[in-house]
Amino acid sequence: MKNYRKTDGNLPIGGQLALSLSKIQAMNPVVFTSDIVGDLSRELESYAPERIFVLTDENTRKYCLPVVRNDKIGEERIMTIPAGETHKSLRSVEMIWEILSARQARRNSLLINIGGGLVTDVGGFAASCFKRGIKCINIPTTLLAQVDASVGGKTGINFNGFKNEIGIFSAPEKVMIDVTFLKTLPPRQILSGFAEMLKHGLLCGGEHLKKLLGVDRDVISTAGFSALLKESVEVKERVVTEDPKEKGMRKSLNFGHTVGHALESAAIEEGTEFYHGDAVAHGMIAELYLSVLKKGFDRCLYHEIRTFIQALYPVYTPSASPEKLYGWMLHDKKNEKEGVNFTLLEAPGKVSIDNYCSRREVTEALEILSKRD
Ligand code: GLY
């Protein structure tokens with residue numbers, strides 16, 4: 001078990017992450033922009049790719065591509081995959097490879113991924129393998145993708161019934177974040193991304209967490225919280241710069257996800273609409289409970305956060321048994337031996353990775369999800 005301690009009020013997640021801003025910018029080039037057209041044009045001039053390809057889903061083709069499009073992007077090089085988790089598939093990747101190949105993409109071609117996490121994950125994966133790798137730029141258009149999925153180079157697809165079973169770490173050249181895209185997002189999608197922000201808040205603690213817990217439901221929208229969004233992305237950048245391939249510290253980003261992914265799998269199997277962020281939010285309740293049990297996380301703060309989450313997020317009680325949920329957790333990629341490996345917290349900003357919890361402890365934590373104070 002390894003502990004990472006917060007040592008300094010200003011630094012998200014501990015002294016181990018005392019990286020200079022220039023190092024972060026060099027490795028994880030996230031840019032916030034309010035002029036996506038101008039900034040993208042400048043990027044394209046600087047890369048001077050031989051051909052430019054674009055990947056969207058059905059929604060971003062209709063609503064986001066027209067905002068971004070410039071005359072360097074030819075119609076015949078725009079690829080569109082259907083929206084929805086079932087299309088995070090090898091078939092979608094094959095379709096992209098077929099088009100790249102048929103339209104003579106070369107190694108110095110560039111792929112621009114415009115969309116949510118599905119598009120940036122699938123497009124990033126396709127680009128990373130095509131001719132052993134072509135460059136890509138991510139333009140995330142959902143809060144979830146802006147704050148999490150598009151940053152840090154995780155790419156991949158679902159396979160054989162398991163989420164993100166096949167994939168590779170491959171960082172994009174640039175991640176261009178424009179909060180204007182959030183204006184047209186349904187509130188449920190905003191809430192979904194907010195769960196990842198809350199996770200980053202718990203991982204870094206301090207003022208950032210306070211601000212997040214003080215946020216008004218109505219403020220969880222567009223420009224009202226773009227400063228919080230930037231702080232949140234910075235937490236993620238620091239973690240992935242320190243540990244790009246998830247050998248240690250990056251496992252902290254899985255906080256809430258071990259239980260969360262199991263809930264998500266159950267919802268998908270039952271056909272219940274339950275967003276990734278909903279699952280992570282409830283996953284964080286269960287994993288904070290385990291943190292109280294095993295790491296001495298403050299019980300009052302746990303109750304405060306649980307009340308906050310339960311007031312914001314739809315509650316879902318899976319019909320899958322705890323045994324079945326536990327079975328899904330056994331497939332978690334963090335597991336390095338028998339049992340289920342959790343990232344837990346001693347306190348906000350004090351992260352503890354590689355904690356194996358017993359089946360009984362996990363079942364107890366799952367039972368908490370349907371309880372109220
Ligand atoms: N979404 C968790 C990570 O990027 O590591």
Side-chain angles (χ1 to χ4, degrees), residues 53-61 78-102 105 109-142 144-173 175 189 192-193 196 236 240 244-246 250-251 253-254 257-258 260-269 271 274-277 279-280 328-335:
F53 290 81
V54 172
L55 180 69
T56 68
D57 67 19
E58 293 152 333
N59 298 323
T60 56
R61 178 157 195 153
I78 299 170
M79 303 171 278
T80 299
I81 50 178
E85 192 66 20
T86 49
H87 300 286
K88 194 171 181 182
S89 64
L90 196 53
R91 178 66 208 113
S92 296
V93 173
E94 239 185 308
M95 183 278 287
I96 296 166
W97 286 335
E98 277 159 12
I99 296 177
L100 290 176
S101 186
S109 293
L110 175 85
L111 176 65
I112 305 174
N113 299 311
I114 305 173
L118 187 145
V119 170
T120 59
D121 276 19
V122 171
F125 180 59
S128 72
C129 304
F130 187 79
K131 294 197 193 283
R132 299 208 174 86
I134 61 171
K135 289 186 168 136
C136 65
I137 289 179
N138 286 341
I139 302 183
T141 57
T142 63
L144 191 62
Q146 292 189 346
V147 80
D148 186 27
S150 70
V151 180
K154 274 191 181 173
T155 71
I157 52 167
N158 302 335
F159 187 72
N160 210 17
F162 296 109
K163 259 181 86 76
N164 304 327
E165 184 79 338
I166 308 289
I168 189 165
F169 290 99
S170 175
E173 294 300 306
V175 180
Q189 287 239 23
S192 184
E196 296 288 354
K236 171 131 194 199
V240 300
K245 297 220 168 150
E246 203 168 301
R250 188 166 180 165
K251 290 181 194 169
L253 295 173
N254 290 305
H257 284 64
T258 311
H261 279 154
L263 294 175
E264 218 176 347
S265 302
I268 291 169
E269 198 173 89
F274 198 52
Y275 286 51
H276 176 70
V280 170
W328 269 310
M329 291 179 219
L330 288 171
H331 280 279
D332 193 289
K333 283 186 273 303
K334 282 190 309 309
N335 302 335

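The basis for the numbers below is simple: all heavy atoms, side chains too, and nothing from hydrogens, waters or symmetry mates. Remember, it's a predicted structure, so these values are computed and weren't measured experimentally.
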Original post:
Looking at residues at least two apart in the chain, or sitting in another chain, which of them share a side-chain contact (heavy atoms from CB on, under 4.5 Å) with Ala279?
Top reply: Leu263, Glu264, Phe274
Original post:
So do the side chains of Cys136 and Phe53 get within less than 4.5 Å of each other, counting heavy atoms only?
Top reply: no
Original post:
Does any N or O in the side chain of Asn158 come within less than 3.5 Å of the main-chain N or O of Asn164, such that one atom is a donor and the other an acceptor?
Top reply: yes
Subject >> Sidechain-backbone polar pair: Thr155 side chain, Ile168 backbone, donor-acceptor under 3.5 Å >> reply: yes
Subject >> Distance-minimising heavy-atom pair for Leu144 and Ser192 >> reply: CD1-O, 3.8 Å
**OP:** Check whether any side-chain heavy atom of Phe169 sits under 4.5 Å from a side-chain heavy atom of Pro244, and report yes or no.
**Re:** no
**OP:** Report yes or no: does Ser150 contribute a side-chain atom to a donor-acceptor pair with the main-chain N or O of Ala145 at less than 3.5 Å?
**Re:** yes
Subject >> Distance, nearest 0.5 Å, that separates OG1 of Thr80 from CD1 of Ile96 >> reply: 10.0 Å
Subject >> Asn59 side chain near Thr141 side chain, heavy-atom distance below 4.5 Å >> reply: no
Original post:
Taking only residues at least two apart or on different chains, which pairs with a member in residues 125-134 satisfy side chain to side chain donor-acceptor pair (under 3.5 Å)?
Top reply: none
Subject >> From CA spacing to verdict: side-chain contact (heavy atoms from CB on, under 4.5 Å), His331, Glu165 >> reply: CA-CA 10 Å; His331 280 279; Glu165 184 79 338; 5.6 Å; no
Original post:
Would you say the side chain of Ile157 lies within less than 4.5 Å of the side chain of Asp121, judging by non-hydrogen atoms?
Top reply: no
Original post:
Taking the side chain from Ser92 and the backbone from Lys88, do they hold a donor-acceptor pair closer than 3.5 Å?
Top reply: no
Original post:
Does any N or O in the side chain of Trp328 come within less than 3.5 Å of the main-chain N or O of His261, such that one atom is a donor and the other an acceptor?
Top reply: no
Original post:
Can you list every pair that meets salt bridge (charged side-chain N to carboxylate O under 4.0 Å, His left out) and has a residue in residues 90-101, with sequence neighbours left out?
Top reply: Arg91-Glu94, Arg91-Glu98
Original post:
Can you tell me how far the NZ atom of Lys135 sits from the CG atom of Leu110, to the nearest 0.5 Å?
Top reply: 8.5 Å
**OP:** Heavy atoms only: give me the nearest Ala83-Asp57 pair and the separation to one decimal.
**Re:** CB-OD2, 4.1 Å
**OP:** Identify the two heavy atoms, one from Gly152 and one from Val240, that lie closest to each other, and give their separation to 0.1 Å.
**Re:** CA-CG2, 3.9 Å
Original post:
What residues form a salt bridge (Lys or Arg N to Asp or Glu O under 4.0 Å) with Glu58, not counting sequence neighbours?
Top reply: none
**OP:** Would you kindly say whether Glu196 and His276 are connected by a side-chain donor-acceptor distance under 3.5 Å?
**Re:** yes
Subject >> Contacts of Asp148 that satisfy salt bridge (Lys or Arg N to Asp or Glu O under 4.0 Å) - sequence neighbours left out >> reply: Lys236
Original post:
Is any side-chain heavy atom of Phe125 closer than 4.5 Å to a side-chain heavy atom of Ile166?
Top reply: yes
Subject >> Rounded distance (nearest 0.5 Å) linking atom CG of Asn254 with atom NZ of Lys251 >> reply: 9.0 Å
Original post:
With Ile99, which residues qualify under side-chain contact (heavy atoms from CB on, under 4.5 Å), at least two apart?
Top reply: Met79, Met95, Arg103
**OP:** Considering non-hydrogen atoms only, spot the tightest contact between Pro140 and Asn138 and give its length.
**Re:** CD-O, 3.4 Å
Subject >> From Leu118 atom CG to Asn113 atom CG, the distance as rounded to the nearest 0.5 Å >> reply: 10.5 Å
